[in-house]
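Encoded as structure tokens, the structure appears first; notes follow it.
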Amino acid sequence: DVDYNNHLNNTRYADIISDFIPNLGKDVEISEIDLVFAGEAYLGEDIEIFRTEIEDNIYVINGTHSRGRCFESRVKVKNLEL
């Protein structure tokens, strides 16, 4: 999960974000995601995650570590029609 510089691999941020979307995979899927890398996370560093629903089905999910901002994201989801 880390790259050769001992930073969290960029692909893992999207995985972390998906863990904070309610009902993802059950009846919800991601339709859009914007992700900004603000400050890399190092091996062994804790990331604190914050989620806010800013509109119906639109979430802002941000991560911080001891040195400040880690990442910022905006995620739009859609309900799957059964």
Side-chain angles (χ1 to χ4, degrees):
D1 292 344
V2 295
D3 62 21
Y4 62 92
N5 289 321
N6 285 327
H7 301 146
L8 185 63
N9 187 293
N10 287 350
T11 60
R12 301 302 295 160
Y13 291 99
D15 187 45
I16 291 168
I17 290 165
S18 69
D19 289 341
F20 285 85
I21 302 296
N23 300 316
L24 186 63
K26 296 177 183 162
D27 58 355
V28 171
E29 69 179 24
I30 293 173
S31 60
E32 295 177 28
I33 185 168
D34 297 316
L35 177 56
V36 175
F37 302 106
E40 65 274 320
Y42 295 110
L43 179 63
E45 192 166 37
D46 292 329
I47 302 172
E48 190 171 6
I49 310 295
F50 302 91
R51 180 189 73 203
T52 304
E53 187 171 14
I54 59 172
E55 293 180 35
D56 285 343
N57 296 324
I58 300 177
Y59 297 91
V60 171
I61 301 172
N62 298 325
T64 63
H65 43 50
S66 62
R67 296 172 289 110
R69 295 183 322 159
C70 182
F71 70 86
E72 300 174 0
S73 68
R74 180 185 171 277
V75 182
K76 185 175 183 180
V77 299
K78 67 178 181 178
N79 293 321
L80 300 174
E81 295 181 6
L82 301 177

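Quick note: numbers below take in every heavy atom, side chains included, and nothing from hydrogens, waters or symmetry partners.
With rounding to the nearest 0.5 angstrom, the CD1 atom of Ile21 is 7.0 Å from the OG atom of Ser73. Between the CG atom in Leu35 and the CD atom in Glu72 there is a gap of 9.5 Å [rounded to 0.5 Å]. Interatomic distance, SG of Cys70 versus CD1 of Ile49, reported as 7.5 Å (0.5 Å rounding).
The 12-atom threshold is exceeded at CG of Asp15, counting heavy atoms of other residues, nucleotides or ligands nearer than 6.0 Å. By the neighbour-count criterion of 12 heavy atoms within 6.0 Å, atom CZ of Arg69 is sparsely surrounded, having that number or fewer from other residues, nucleotides or ligands.
With Ile47 as the partner, the side chain to side chain contact (heavy atoms under 4.5 Å, CB included) test is satisfied by one option alone out of Thr64, Leu8, Asn62: Leu8.
Considering every non-hydrogen atom in both Glu45 and Glu40, the closest pair reads OE1-O, 4.0 Å. Closest approach of Leu24 and Val28 over heavy atoms only: CD1-O, 3.5 Å.
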CA sep, side-chain torsions, deciding dist, call: Asn57, Lys78, side chain to side chain contact (heavy atoms under 4.5 Å, CB included): CA-CA 7 Å; Asn57 296 324; Lys78 67 178 181 178; over 6 Å; no
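Using a 30° and 60° split on the angle between ring planes, Phe71 and Tyr13 fall in the perpendicular class, above 60°.
A heavy-atom distance below 4.5 Å is not found between the side chains of Glu55 and Lys76.
A donor-acceptor pair is defined here as one N or O able to donate and one able to accept, closer than 3.5 Å; no such pair exists between the side chain of Arg12 and the backbone of Asp1. Of the possible polar contacts, one joining the Asp3 side chain to the His7 backbone as a donor-acceptor pair under 3.5 Å is found. The main-chain N or O of Val60 is never found under 3.5 Å from a side-chain atom of Thr52 such that the two would form a donor-acceptor pair. With hydrogens and angles disregarded, a donor-acceptor distance shorter than 3.5 Å links the side chain of His65 to the backbone of Gly39.
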